[in-house]
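Here the structure is laid out as structure tokens; the discussion comes afterwards.
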Amino acid sequence: MEDQANLLPLYEQVRRSILSGIDAGQYAEGSFLPTEPELMAQYGVSRITLRRAIGELCADGRLQRQQGRGTVVMPGKVRQTLVSLSGFSETMDGLGRKAGHRILSRDDDPDAPAIRARLRAGALIRFDRLLEDDGRPMTLETLWFDPQRFADVIAPVARGGSFFAALRDKAGIEPAHAERQIDVGFASAGERDILAITAAQPVYRIEKIVTDAEGRPLALSQLVTPSHLVTYTIKT
């Protein structure tokens with residue numbers, strides 16, 4: 001195995017070594033890596049080689065360069081189960097992390113007849129939200145639901161609350177089923193600015209429809225999540 005590792009480019013050997021240090025807790029999440037001279041001496045490499053290794057890890061979302069401060073270790077990927085009915089807040093709570101829903105815009109009468117038909121809704125309301133993980137941008141969500149059917153849910157969601165929690169608390173409804181369609185692509189310029197990612201970083205594009213026990217649609221979400229932040233698993 002050591003011989004095989006030595007066949008790898010030097011920057012890749014350094015990248016893997018730093019990554020192993022992150023996974024082993026040698027470099028804790030939220031902490032800064034040692035300085036470039038310290039790392040160059042530790043790994044016995046040039047500045048060019050070290051910067052390429054760190055650049056690869058930054059592109060993967062494991063590290064982040066902060067101007068004037070250094071390179072910080074970013075949190076690892078969030079693991080989500082595709083068949084789970086848990087909302088974003090519930091998922092984050094289960095991982096011991098703090099979820100946030102930042103409202104970016106609201107439209108009380110959006111012109112979207114196709115979505116209204118899919119939700120079998122008499123009217124529509126739309127919220128564009130930034131879902132945050134401990135204050136870090138994680139997912140852009142466009143949330144659609146029927147404001148006539150769920151009038152009491154609007155205010156909690158507008159204040160940045162969980163839609164699922166408001167649905168249970170205000171409407172007494174528990175989601176029973178969810179259907180997701182997942183594609184992989186790249187973010188638009190506007191999406192990149194909000195999510196703080198580069199043009200080279202791919203994103204998941206997910207459309208999710210949640211229904212009640214009778215199969216009636218409750219809400220439709222369109223989500224954009226950088227792929228380096230989330231790992232999806234399937235349970236059968």
Side-chain angles (χ1 to χ4, degrees), residues 78-183 191 194-195 203-225 229-236:
V78 173
R79 301 186 69 87
Q80 294 188 2
T81 303
L82 283 177
V83 296
S84 171
L85 283 171
S86 298
F88 179 70
S89 293
E90 290 85 350
T91 298
M92 293 296 105
D93 288 347
L95 295 171
R97 300 162 95 142
K98 183 179 178 181
H101 304 78
R102 179 145 52 99
I103 304 300
L104 302 177
S105 65
R106 168 179 169 173
D107 191 338
D108 290 308
D109 187 25
D111 182 19
I115 290 179
R116 188 171 67 248
R118 292 176 67 188
L119 289 176
R120 306 178 209 166
L124 276 182
I125 190 169
R126 166 181 169 162
F127 286 96
D128 291 315
R129 310 193 294 177
L130 177 61
L131 310 186
E132 297 175 314
D133 169 18
D134 287 334
R136 175 181 60 157
M138 184 170 177
T139 296
L140 275 173
E141 178 192 38
T142 300
L143 171 67
W144 313 76
F145 61 92
D146 187 338
Q148 296 175 347
R149 184 182 177 196
F150 303 122
D152 293 338
V153 172
I154 298 173
V157 171
R159 290 194 297 266
S162 162
F163 173 75
F164 275 24
L167 197 64
R168 286 192 292 265
D169 297 343
K170 300 298 183 179
I173 295 176
E174 190 74 35
H177 308 283
E179 178 181 325
R180 295 173 175 88
Q181 177 178 308
I182 303 177
D183 293 299
E191 292 167 342
I194 296 171
L195 293 169
V203 297
Y204 295 112
R205 291 190 178 275
I206 301 176
E207 184 178 86
K208 179 175 72 173
I209 296 182
V210 180
T211 58
D212 60 20
E214 286 72 44
R216 185 174 180 182
L218 300 173
L220 185 148
S221 293
Q222 296 161 326
L223 307 119
V224 180
T225 303
L229 297 180
V230 176
T231 293
Y232 290 108
T233 60
I234 299 175
K235 289 185 178 181
T236 57

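Across Arg129, Lys208, His101, a single residue satisfies side-chain hydrogen bond (donor to acceptor under 3.5 Å, both in side chains) together with Glu141, and that is Arg129. Partner Thr225 forms a side-chain contact (heavy atoms from CB on, under 4.5 Å) with one of Val230, Leu195, Leu140, Val203 and no other, that one being Val230.
Shown here are the side chain to side chain donor-acceptor pair (under 3.5 Å) partners of Glu179, two or more places apart in sequence or in another chain: there are none. Under the rule for a salt bridge (Lys or Arg N to Asp or Glu O under 4.0 Å), Arg116 has no partner lying at least two apart in sequence or in another chain. With sequence neighbours left out, the side chain to side chain donor-acceptor pair (under 3.5 Å) criterion links Asp108 to Arg106. Residues satisfying the side chain to side chain donor-acceptor pair (under 3.5 Å) test with Gln222, not counting sequence neighbours, are Trp144.
Atoms CG and CG, on Leu220 and Leu143 in that order, are 8.5 Å from each other to the nearest 0.5 Å. Separating the CZ atom in Phe163 from the NZ atom in Lys170 is a distance of 14.0 Å, to the nearest 0.5 Å. With rounding to the nearest 0.5 angstrom, the CD1 atom of Ile154 is 9.0 Å from the CG atom of Asp146. In this structure, CD1 in Ile209 is found 9.0 Å from CD1 in Ile115, a value given to the nearest 0.5 Å.
The closest side-chain heavy-atom distance from Phe150 to Leu218 is below 4.5 Å. Taking the side chain as every heavy atom from C-beta outward, Leu130 and Thr139 never approach each other to under 4.5 Å. Taking 4.5 Å as the limit, every side-chain heavy atom of Val224 sits out of range of all side-chain heavy atoms of Tyr204.
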| task | Mind running side chain to side chain contact (heavy atoms under 4.5 Å, CB included) on Ile194 and Leu104 for me, showing each step along the way? | result | CA-CA 10 Å; Ile194 296 171; Leu104 302 177; 4.1 Å; yes

| said: I'd like to know whether Phe145 forms a side chain to side chain contact (heavy atoms under 4.5 Å, CB included) with Leu167, so could you lay out the CA-CA distance, the side-chain angles of the two residues, the decisive distance to 0.1 Å, and finally the verdict. | reply: CA-CA 11 Å; Phe145 61 92; Leu167 197 64; over 6 Å; no

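Between Ile173 and Pro175, the closest heavy-atom pair is O-CD, 3.8 Å. Closest of all the heavy-atom pairs between Ala166 and Pro156 is CB-CB, 3.9 Å. When all heavy atoms are compared, the tightest approach of Asp109 to Asp107 is N-OD1, 3.0 Å. For the residue pair Arg136 and Leu229, the shortest heavy atom distance occurs at NH1-CD2, 3.3 Å.
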Please report, to 0.1 Å, the donor-acceptor pairs under 3.5 Å made by any side chain of residues 118-128, with sequence neighbours excluded.
from   : atom 1 : to     : atom 2 : distance (Å)
Arg118 : NH1    : Glu207 : OE1    : 3.1
Arg118 : NH1    : Glu207 : OE2    : 3.3
Arg118 : NH2    : Glu207 : OE1    : 2.7
Arg126 : NE     : Asp128 : OD1    : 3.2
Arg126 : NE     : Asp128 : OD2    : 3.3
Arg126 : NH2    : Asp128 : OD1    : 3.2
Arg126 : NH2    : Asp128 : OD2    : 3.3
Asp128 : OD1    : Thr142 : OG1    : 2.9
Asp128 : OD2    : Ser105 : OG     : 2.7

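Annotation: salt bridge (Lys or Arg N to Asp or Glu O under 4.0 Å) contacts involving residues 211-222, sequence neighbours excluded, comprise Arg149-Asp212.
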